[in-house]
Amino acid sequence: MSTSAPVSVAVEARAASKIFSRGKPNQVVALESINLSVRQGGFVALIGPSGCGKSTLLRLMAGLVPATEGEIFVNGKAADQARRDRDYGMAFQSASLFDWRTVTRNIELPLELLGWSKDQRSKRSAEMLDLVQLSDFGDHYPNQLSGGMQQRVAIARALSFKPSILLMDEPFGALDEMTREHMQAELLRIWEDTQTSVVFVTHSIPEAVFLAQRVIVMSPRPGRIVADIDVDLGPRGFGTREDPEFFNKITEVREALRAVEVP
Amino acid sequence: MDSLDEGVDAAVVRAEIRRYERRARLRNVVRRVVVFAAFVIALSLLYSGYKAVGQSIDDAQRDWPVIGSVMPATNDLIMPPISAILSEFDDPPQRRNAKTLGQFIFEASLFTAREAFFGFVAGIVLGLSLAILMLRSRTIERGLMPYVVVSQTVPLVAIAPIIVIWGQTNFGWLPFTWNAWMSVSIIATYLTFFPVAVNGLKGLQSPSAESIELMDSYAASRTQTLLKLRFPASVPYLFAALKLAASASIVGAIVGEISSGVGGGIGRLILDFASRYTTGPERLYASVAGAAVLGIVVFGLISIAERYALRGRAQENPVV
């Protein structure tokens with residue numbers, strides 16, 4: 001192991017590459033020398049066309065997939081070690097709730113794996129239900145909830161053990177537009193309440209600009225970072241989506257994406 | 001989304017929904033009972049109808065030679081009247097013994113049910129163990145699955161006596177005395193483990209890639225993933241298998257008794273009444289009906305357990 005990253009950095013990628021089926025005829029270069037650093041408490045969106053490797057990059061950060069070359073640090077540790085230390089929580093496009101567990105028991109799943117006592121678990125799950133404003137639904141089963149509510153349960157589950165980082169893979173991709181905007185506001189509120197660092201994969205430009213302090217634009221295969229756009233819109237609110245600066249940033253991201261589009 | 005319309009008390013609405021659901025459940029139960037009864041009556045009518053026509057052919061065979069050859073003639077010995085079968089339940093089949101046939105059949109059914117139960121439980125243990133083993137590695141799955149499938153093509157009638165003989169000679173080392181009915185349980189196991197292994201494996205493999213990644217993201221161990229994700233996810237698949245396996249364990253026990261001659265159960269009863277068919281065909285029919293009821297009862301028990309175990313889950317059943 002070479003030098004580690006400073007601890008004020010939540011996630012850092014150093015010349016990270018990912019090649020699937022290396023050396024075989026069906027070899028795919030998914031990511032090529034990615035350099036990226038996400039500061040503690042930051043909110044970073046990864047955006048790019050389908051197949052640009054943004055989800056793969058997220059899985060590299062999660063330590064679910066090893067990097068072929070380069071290094072990934074999470075809280076100053078190798079990504080796999082951070083995974084073992086449960087430094088991050090993860091949310092996916094499908095809420096991936098276990099349909100045989102009630103909402104409360106879904107939220108308590110990671111706590112069970114960590115060996116928490118029943119009392120500690122029910123105390124924490126009540127707090128989390130409160131955080132995502134689903135206190136009346138603890139005894140419901142996932143299939144009794146709407147898609148937006150399921151995603152909120154998934155976020156509560158990801159944050160239940162208070163990880164310092166939240167990794168999200170298109171979590172609102174399957175929701176309708178109105179629910180999606182509502183969920184974005186919810187996520188920002190939770191982010192501010194919990195001081196968690198967030199890495200958010202999306203293919204929606206307005207979503208990236210509305211949520212993130214930084215939008216990372218990626219090119220299609222092999223995935224590279226082609227633009228790193230700071231978004232300084234201040235605290236988001238109802239007015240943000242009508243703010244001219246919001247549209248300027250959307251245009252900036254769109255142009256960065258257009259520049260890398262392959263015919 | 002979160003709250004209901006203003007002005008409507010959510011608790012009132014929920015209570016109303018619960019009441020509606022309860023009524024719908026009751027209607028569903030009533031419907032099932034009515035359909036089942038109608039089916040039994042239809043079968044009885046079909047039987048009696050055929051019998052009426054077939055018997056008149058028997059009487060007038062010389063007059064209707066063509067129909068007589070297409071539609072086999074019948075008589076009270078081949079097809080005893082349903083009323084006679086039903087009243088036979090109340091008759092003692094043995095002289096010097098007041099026990100009615102119904103009691104005989106009931107006791108024999110309990111005996112067979114015990115054999116089947118132990119075979120069923122052992123089959124679940126064996127089937128699940130095989131499923132977990134095959135889950136562990138593709139190579140094991142590829143190596144083992146053909147044998148699991150082939151095992152079911154070997155005729156049960158051929159292996160049943162072998163298992164009974166093994167039981168008599170090879171199980172002396174066991175801490176308890178080996179009874180002949182335990183061999184019949186092994187035969188039931190032989191039929192039971194198969195659906196459990198095949199469906200169990202399918203169920204254990206059913207969680208989505210994201211669910212597996214979720215468990216990995218918590219650094220969950222293999223055992224934790226098995227217990228918290230794969231096993232609960234396989235429960236609907238297992239119940240589909242258990243319904244097959246429960247009936248199969250009864251069939252296995254009956255066939256085991258018949259082909260090995262182990263006494264005390266409904267299979268042996270069927271064998272005995274079949275050998276004395278000409279002096280009382282109703283008894284054979286009655287004991288076969290008893291075996292059928294036993295099969296329906298165990299199927300029903302599993303269905304009730306399934307309903308309880310799968311409460312709250314999405315309604316659709318997995319396709320097997």
Side-chain angles (χ1 to χ4, degrees), chain A residues 55 58-59 62-65 80-102 105-106 109-115 132-137 139-149 152 154 157-158 160-161 163 167 169 176 178-179 182-183, chain B residues 1-5 8-18 20-21 24 203-204 206-240 305-318:
Chain A
S55 290
L58 197 77
R59 278 161 179 73
L64 293 171
V65 180
D80 191 55
Q81 187 57 44
R83 180 178 68 93
R84 286 173 207 287
D85 294 348
R86 280 108 167 175
D87 278 7
Y88 67 85
M90 202 159 181
F92 301 91
Q93 178 168 0
S94 71
S96 298
L97 301 177
F98 293 180
D99 67 355
W100 53 90
R101 286 175 170 247
T102 60
R105 294 209 53 230
N106 264 291
L109 172 71
L111 309 179
E112 278 174 34
L113 297 172
L114 287 165
V132 296
Q133 297 174 340
L134 285 175
S135 295
D136 287 344
F137 294 90
D139 293 331
H140 283 58
Y141 284 93
N143 67 69
Q144 296 172 306
L145 305 183
S146 69
M149 290 158 106
R152 278 194 272 167
R157 179 181 60 186
S160 62
F161 52 102
L167 301 177
D169 189 12
D176 64 79
M178 280 168 295
T179 312
H182 178 67
M183 289 299 297
Chain B
M1 189 176 66
D2 306 346
S3 55
L4 294 147
D5 284 345
V8 181
D9 190 355
V12 172
V13 173
R14 261 179 232 151
E16 185 59 37
I17 290 172
R18 262 200 300 279
Y20 173 79
E21 283 174 346
L204 292 173
S206 68
S208 67
E210 287 190 345
S211 303
I212 304 282
E213 281 188 326
L214 182 76
M215 295 302 281
D216 286 346
S217 81
Y218 300 137
S221 68
R222 259 186 172 187
T223 313
Q224 282 177 321
T225 304
L226 182 68
L227 293 180
K228 304 270 181 195
L229 172 61
R230 291 187 186 275
F231 186 69
S234 74
V235 170
Y237 293 82
L238 281 178
F239 268 106
E306 176 183 35
R307 215 159 255 228
Y308 177 75
L310 300 187
R311 71 198 182 288
R313 292 201 198 202
Q315 286 306 300
E316 71 266 44
N317 277 320

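Protein chains get the first letters and strands the later ones, always in sequence-line order, with residue 1 at the start of each. All heavy atoms count here, side chains included; hydrogens, waters and symmetry mates do not.
- With sequence neighbours left out, D136(A) forms a salt bridge (charged side-chain N to carboxylate O under 4.0 Å, His left out) with no residue at all.
- Partners of P110(A) according to the side chain to side chain contact (heavy atoms under 4.5 Å, CB included) rule, which considers only residues two or more places apart in sequence or in another chain, are R157(A), S160(A), F161(A), Y218(B).
- Between S96(A) and E210(B), the shortest heavy-atom distance links the atoms OG-OE1, 3.3 Å.
- Of the two parts of A233(B), the backbone and the side chain both hold a non-hydrogen atom closer than 4.5 Å to a non-hydrogen atom of chain A.
- Taking OG of S211(B) as the reference point, atom CZ of F98(A) lies at 5.5 Å (rounded to 0.5 Å).
- Contacts between R86(A) and chain B at a heavy-atom distance below 4.5 Å involve the side chain alone, from C-beta outward.
- Taking every heavy atom of both residues into account, R84(A) and A219(B) meet most closely at CA-CB, 3.8 Å.
- Residues passing the salt bridge (charged side-chain N to carboxylate O under 4.0 Å, His left out) test with R59(A) are D169(A), E213(B), sequence neighbours excluded.
- Only the side chain of L109(A) comes within contact range of chain B, with at least one heavy atom under 4.5 Å from a heavy atom of that chain.
- Both the backbone and the side chain of L113(A) have a heavy atom closer than 4.5 Å to some heavy atom of chain B.
- Distance check, rounded to the nearest 0.5 Å: CZ of F92(A) to OG of S217(B) gives 5.5 Å.
- For residues 220-229 of chain B, the interface with chain A (any heavy-atom pair closer than 4.5 Å) comprises A220(B), Q224(B), K228(B), L229(B), sorted by residue number.
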